[in-house]
Amino acid sequence: MTNRRLVLKTACAAGATALASSPLSTWAQSGTVKVGLIFTMTGPFASTGKQLEAGARHFLRENGDTFGGKKIELVIRDDAGQPDQAKRIAQELIVNDKVQVLGGFSLTPLALSVAPIATQSKTPSVVFVAATSSVIDASPYFIRSSFTLPQVTIGVAEWAPKNGIKSVVSLVSDYGPGLDAESAFKERFMLNGGTIKAAIRVPLRNPDFAPYLQKVRDEKPDAVFVFLPAGVGSLFMKQFSERGLDKAGIRLIATGDVTEDDILNEMGDVALGVVTSHHYSAMHPSAANKKFVESFKKANGGKRPNYMAVAAYDGMRVIANALKSTKGETGDALLNAMKGQTFESPRGPVLINGQTRDIVQDVYIRRVERVGGELYNVEFETLKAVQDPGRNH
Ligand code: PHB
């Protein structure tokens, strides 16, 4: 058995003790801070890893890599979308690579499997994606730089009944964020006089939407409200148009996960007019965003940043700002310095709420339009400083 494997085996066997006793303070004295990033780089959700890695690297490219006297060294690993793998990698990163900060976690189950490791080892961990409301409660060492599903769902749930949509069938991925979206939509839509005709849940992995879309058609709602995680939207759009739902007069409303910026152009005309609510559009009309989109595209072969890239970019900023204010100290001091930060993100102004450790941000209502020959989510209404409403239920 190699020494590395032996260390890991010992760490796994001893669990909390081994993780808690890793010599973090010794490492914190060197001139480097190691940040372990766990992304999904292979399998059906690989597009998320590409955007996340590009966003994280872009932050360091634009801002330099040294903060509070410490040089940030990224250690990036692929979890292949598998919770067991994410957990094992988190353990290895802490015990073998001696990382002092963790980040990443593209799907909720991945963040949940890493949570006990973050807690036992007292490692500040920035959730770049996992957007189920309760994820933040899974570890006191979690800080979230992305969004929550209830936070981005209530906007479209309020917009719909004011715009001629009185009955809806909801269709969501059958796991944490989908269930959050389903219940947040239902509650807010019904409060505003709407009716839910059916609530459909589709499998997260390898979904075939055809039978579910047939059920939507049969129900004849004014609209279908959809949440699907990043990477699945274009397949859904294709099947939505193949089943003729658009021609049957059923409108499509969604969270912005479905019309994500980097694949929106591939979806084609069927996406035109789709109304979504979300916290980031590549078309967000601020000087900070224009600069971000231009420089990101330049550095990434013309690829557009989506909300994943922005969350990783801002996640790295949270880490960098915290290092600046602790003058390079890690551990609990770094965690505390992550709380309460405010800054202007490419998405707009944001706050990391010091009590909840969750992000507070503007949420926009957007419509897919053609601008200069390309499809964009064009923002037309803003809900200011939205907290996650999910945990107040
Ligand atoms: C999640 O699994 O929490 C998740 C992933 C991708 C999204 C939204 C939520 O776009």
Side-chain angles (χ1 to χ4, degrees), residues 38-41 43-53 55 79-83 85-86 103-115 125-139 142-156 170-185 201-205 207 225-237 254-264 267 276-282 305-312 314-315 347 358-359 361 363 366 377 388 390-391:
I38 308 177
F39 294 150
T40 302
M41 318 285 285
F45 299 100
S47 62
T48 63
K50 294 201 177 79
Q51 284 275 335
L52 289 166
E53 179 172 1
D79 63 25
Q82 302 297 334
Q85 219 152 303
F105 329 129
S106 60
L107 295 168
T108 287
L110 305 169
L112 295 179
S113 73
V114 170
S125 300
V126 184
V127 178
F128 286 180
V129 185
T132 304
S133 194
S134 61
V135 160
I136 203 77
D137 297 327
S139 172
F142 274 179
I143 294 275
R144 182 152 42 195
S145 69
S146 55
F147 64 106
T148 76
L149 260 305
Q151 183 181 48
V152 298
T153 296
I154 51 170
V156 74
S170 65
L171 184 153
V172 301
S173 281
D174 191 7
Y175 77 123
L179 306 192
D180 268 7
E182 179 190 279
S183 72
F185 186 89
R201 298 175 182 175
V202 303
L204 170 62
R205 293 179 197 269
F225 162 73
V226 181
F227 161 77
L228 299 167
V232 189
S234 51
L235 173 66
F236 176 80
M237 285 291 191
T255 62
D257 311 69
V258 177
T259 57
E260 56 177 310
D261 277 298
D262 59 334
I263 53 172
L264 186 53
M267 293 180 190
T276 58
S277 49
H278 226 217
H279 55 293
Y280 179 68
S281 163
N306 72 2
Y307 60 97
M308 300 271 168
V310 172
D314 286 343
R347 60 187 114 175
D358 227 331
I359 191 157
Q361 59 194 333
V363 172
R366 314 97 51 86
N377 292 293
D388 169 43
R391 276 165 304 137

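In each ligand, atom 1 is the first atom listed, and ligand 1 is the first ligand listed. Everything quoted here is computed from the prediction, not taken from an experiment.
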Checklist outcome for this item: ligand 1 atoms nearer than 4.0 angstrom to some heavy atom of Leu107 are 1 (C), 2 (O), 5 (C)
Item to check | Region of Ala111 engaging ligand 1 - heavy atom pairs below 4.0 Å | outcome: neither
Checklist entry - Can you list the atoms of ligand 1 that are under 4.0 Å from a heavy atom of Tyr175? => result 1 (C), 2 (O), 4 (C), 5 (C)
Checklist entry - Taking it one step at a time, do Tyr280 and Phe147 satisfy side-chain contact (heavy atoms from CB on, under 4.5 Å)? => result CA-CA 10 Å; Tyr280 179 68; Phe147 64 106; over 6 Å; no
Checklist entry - Going by the order shown, which atoms of ligand 1 are within less than 4.0 Å of some heavy atom of Pro229? => result 5 (C), 6 (C), 7 (C), 10 (O)
Item to check | For Thr108, the ligand 1 atoms whose distance to one of its heavy atoms is below 4.0 Å | outcome: 1 (C), 2 (O), 3 (O)
Checklist entry - Which is closest to atom 5 (C) of ligand 1 by heavy-atom distance: Gly176, Gly178, Ser106, Gly233? => result Ser106
Next on the checklist: Using a 4.0 Å cutoff against the non-hydrogen atoms of Ala130, which atoms of ligand 1 qualify?
Outcome noted: 3 (O)
Checklist entry - Going by atom types alone, do Ser145 and Asp314 pair a side-chain donor with an acceptor below 3.5 Å? => result no
Checklist entry - What's the shortest distance from atom 8 (C) of ligand 1 to any protein heavy atom, and which residue and atom give it? => result Asp257 OD2, 3.3 Å
Item to check | Residue Tyr307 vicinity, atoms of ligand 1 by number, heavy atom under 4.0 Å | outcome: 7 (C), 10 (O)
Checklist outcome for this item: Output for pair (Thr148 OG1, Asp388 CG), nearest 0.5 Å, gives 3.5 Å
Item to check | For Tyr307, the option from Asp261, Asp257, Asp262 that meets side chain to side chain donor-acceptor pair (under 3.5 Å) | outcome: Asp257
Item to check | Backbone or side-chain N or O of Ala230 under 3.5 Å from ligand 1 N or O | outcome: yes
Checklist entry - Where do Val129 and Leu52 land on the side-chain contact (heavy atoms from CB on, under 4.5 Å) test, with the steps shown first? => result CA-CA 9 Å; Val129 185; Leu52 289 166; 3.7 Å; yes
Next on the checklist: Can you confirm whether Gln151 sits close enough to Asp358 that some side-chain heavy atom of one is under 4.5 Å from a side-chain heavy atom of the other?
Outcome noted: no
Checklist entry - Are any of the side-chain heavy atoms of Val126 and Phe105 separated by less than 4.5 Å? => result no
Item to check | ligand 1 versus Phe105: contacting region, heavy-atom distance under 4.0 Å | outcome: neither
Checklist entry - If you round to the nearest 0.5 Å, how far is CZ of Phe236 from CZ of Phe227? => result 12.5 Å
Checklist outcome for this item: Numbered in order shown, the ligand 1 atoms found under 4.0 Å of a heavy atom of Ala131 are 1 (C), 3 (O), 9 (C)
